Amino acid sequence: MANLLVKNIGLLATPTGSNPRRGKEQGEITMLKNAYVLVKDGLIAAVGEGAVPAGLSDGAEVVDAEGRLVTPGLVDAHTHLIFGGWRQNELGMKLHGVSYLEILAQGGGILSTVRSTRAASEEELTDKAAKVLDDMLRMGVTTCEAKSGYGLTPEDEYKQLRVIHRLNETHKVEVVPTFMGAHAVPEEFKEDREGYLRLLCEEMIPTVAREQLAEFCDVFCETGVFTAEESRRILEAAKAHGLIPKIHADEIDPIGGSQLAGEIGAISAEHLIVCPEAGIESLAKGGVIACLLPGTSFYLGATFAPARAMLDAGVAVAVSTDFNPGSCPSANLQLAMNIACLKYRLTPEEVLTAVTLNGAAAVRRADRLGSVEVGKQGDLLVWDAPDLDYICYRLGANLVDTVIKQGEVVRF
């Protein structure tokens with residue numbers, strides 16, 4: 001890898017430290033003016049203010065930031081990237097008041113996407129997801145998590161996970177695999193929930209772990225999907241086989257998912273739109289990262305997660321897109337940042353931490369991603385903006401000027 005120097009940085013804004021919060025408030029970030037960053041062999045080798053030391057740029061490609069803002073690359077820690085078809089036909093149903101769970105109960109929603117995903121080949125799923133990753137990269141996402149969960153048979157779940165691995169090997173965006181066979185009970189098991197639970201715990205999870213198809217295991221703990229006790233059973237099986245628990249919790253009804261997240265030691269709890277006080281306490285006690293998805297609340301016309309109460313309780317908050325074909329068909333993490341400021345009332349500094357360091361922590365990569373520090377990976381963004389306030393203020397615009405992944409400028 002060639003060396004790269006980014007100079008004339010008007011403002012370098014970054015969280016610091018390999019762990020969320022780390023005894024600090026989430027909004028306490030480091031800001032350097034008139035700064036520079038040197039990347040060698042893909043890793044950050046020097047960060048400083050003022051004139052670039054003599055000889056530092058020798059042999060390096062130089063990127064002139066021209067006085068603009070530089071931050072770490074963004075981390076989208078919650079996506080459902082791999083799926084067949086779309087679900088635009090549900091928009092009219094939603095406009096006429098049909099709820100998310102009602103659509104699911106009628107065989108639509110997740111189950112509709114399951115049918116389309118089962119019918120799609122690996123090549124078709126790969127090509128479709130790669131186009132979305134291209135868009136995400138242009139908008140500054142250099143790492144994203146991707147879940148299975150639209151197959152709901154062993155082979156179709158493994159198919160999705162193989163696509164994730166292929167994309168991670170071939171695309172500039174680093175893609176992190178999560179197994180989510182517990183996304184719904186498939187139609188063929190409608191009268192045999194116990195049979196599907198056994199299939200998950202006794203066949204699918206062991207195979208995913210043995211073949212190293214995923215790092216994490218997620219479950220949709222929700223009314224009409226999986227109960228808190230069923231979710232516990234699934235995640236305990238995952239832990240027993242070396243997969244790290246995640247959980248969709250308190251998206252629509254507070255049925256105990258957030259409490260379970262803390263009790264079971266999940267790395268993250270996702271959604272948390274209606275998270276109760278007891279759930280927040282459990283997240284804080286268990287050191288669980290709250291991965292919040294403001295775009296989903298916006299798209300569903302739902303309330304917004306109690307982000308401020310979580311921060312006040314000492315919970316680290318990440319913000320992600322939840323890109324999926326039903327409840328948030330948007331891969332624009334910058335838009336999620338805008339909504340997080342406006343609806344969660346997070347400061348731009350808190351939002352930056354949420355989409356960089358805390359996002360990296362939610363996928364167990366905060367030791368090498370999510371901040372601009374010596375020794376970390378050289379994932380950087382040069383923004384067409386002077387400061388953090390501007391990128392949180394400009395609603396829905398793509399303000400990324402230059403994307404740098406592992407010390408290499410991405411050419412689009």
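What you see is a predicted model, and the numbers here were worked out from it, not measured in a lab.
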Side chain to side chain contact (heavy atoms under 4.5 Å, CB included) between Thr223 and Ile252: does it pass, once the steps are laid out?
CA-CA 8 Å; Thr223 299; Ile252 300 168; over 6 Å; no
Verdict with supporting geometry, Ile29 and Glu349, side chain to side chain contact (heavy atoms under 4.5 Å, CB included)
CA-CA 7 Å; Ile29 67 173; Glu349 293 79 10; 3.8 Å; yes
Decide yes or no on side chain to side chain contact (heavy atoms under 4.5 Å, CB included) for Thr79 and Met136, but give the supporting numbers first.
CA-CA 11 Å; Thr79 81; Met136 295 172 73; 4.3 Å; yes
Take Arg118 and Thr153 through the test side-chain hydrogen bond (donor to acceptor under 3.5 Å, both in side chains) and record every step on the way to the result.
CA-CA 9 Å; Arg118 288 178 178 179; Thr153 69; 4.8 Å; no
Could you please spell out the steps behind the side-chain hydrogen bond (donor to acceptor under 3.5 Å, both in side chains) verdict for Ser268 and Glu270?
CA-CA 6 Å; Ser268 64; Glu270 332 274 295; 2.4 Å; yes
Could you give me the CA-CA distance, side-chain angles and deciding distance for Thr353 and Gln26, then say whether side-chain hydrogen bond (donor to acceptor under 3.5 Å, both in side chains) is met?
CA-CA 7 Å; Thr353 302; Gln26 180 157 329; 5.3 Å; no
Worked check of salt bridge (charged side-chain N to carboxylate O under 4.0 Å, His left out) between Arg87 and Glu90:
CA-CA 6 Å; Arg87 301 216 302 266; Glu90 294 176 4; 2.9 Å; yes
Yes or no on side-chain hydrogen bond (donor to acceptor under 3.5 Å, both in side chains) for Gln334 and Asn398, after CA distance, side-chain angles and deciding distance?
CA-CA 7 Å; Gln334 291 183 51; Asn398 180 14; 2.7 Å; yes
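Salt bridge annotation for Lys405-Glu408: absent, with no cationic side-chain nitrogen under 4.0 angstrom from a carboxylate oxygen. Using a 4.0 Å cut-off between a side-chain N of Lys or Arg and a carboxylate O of Asp or Glu, Arg198 and Glu203 do not qualify as a salt bridge.
Two residues are said to be in side-chain contact when any heavy atoms from C-beta on lie closer than 4.5 Å; Val37 and Lys7 fail this criterion. Residues Cys144 and Val141 meet the side-chain proximity criterion, which asks for heavy atoms closer than 4.5 Å.
Judged by distance alone, the side chains of Ser371 and Glu373 do bring a donor and an acceptor atom under 3.5 Å apart. A donor atom on one side chain and an acceptor atom on the other are not found under 3.5 Å apart for Gln259 and Ser282. Thr178 and Asp218 share no donor-acceptor pair across their side chains, judged by distance under 3.5 Å alone.
Figure legend: Lys246 and Phe216 shown as a cation-pi pair, the cationic atom lying under 6.0 angstrom from the six-membered ring centre and within 45 degrees of its axis.
Summarising the local packing, CZ of Arg345 is surrounded by 12 or fewer heavy atoms from other residues, nucleotides or ligands at distances under 6.0 Å.
Ring to ring, His183 and Tyr150 are close: their centroids are under 6.0 angstrom apart.
Taking the six-membered ring where the residue is Trp, Trp86 and Phe83 present perpendicular rings, their angle passing 60° and hence far from 30°. Using cut-offs of 30° and 60° on the angle between ring planes, the pair His248 and His78 is tilted.
Looking at residues two or more places apart in sequence or on another chain, you find no ring pair (Phe, Tyr, Trp, His ring centres under 6.0 Å) involving Tyr158.
When all heavy atoms of Gly257 and Asp250 are compared, the pair lying nearest together is N-OD1, 3.9 Å.
A side-chain contact (heavy atoms from CB on, under 4.5 Å) with Val355 is found for one member of Thr321, Val319, Val75 and no other, namely Val319.
The stretch residues 251-269 participates, sequence neighbours left out, in these salt bridge (charged side-chain N to carboxylate O under 4.0 Å, His left out) pairs: Arg232-Glu263.
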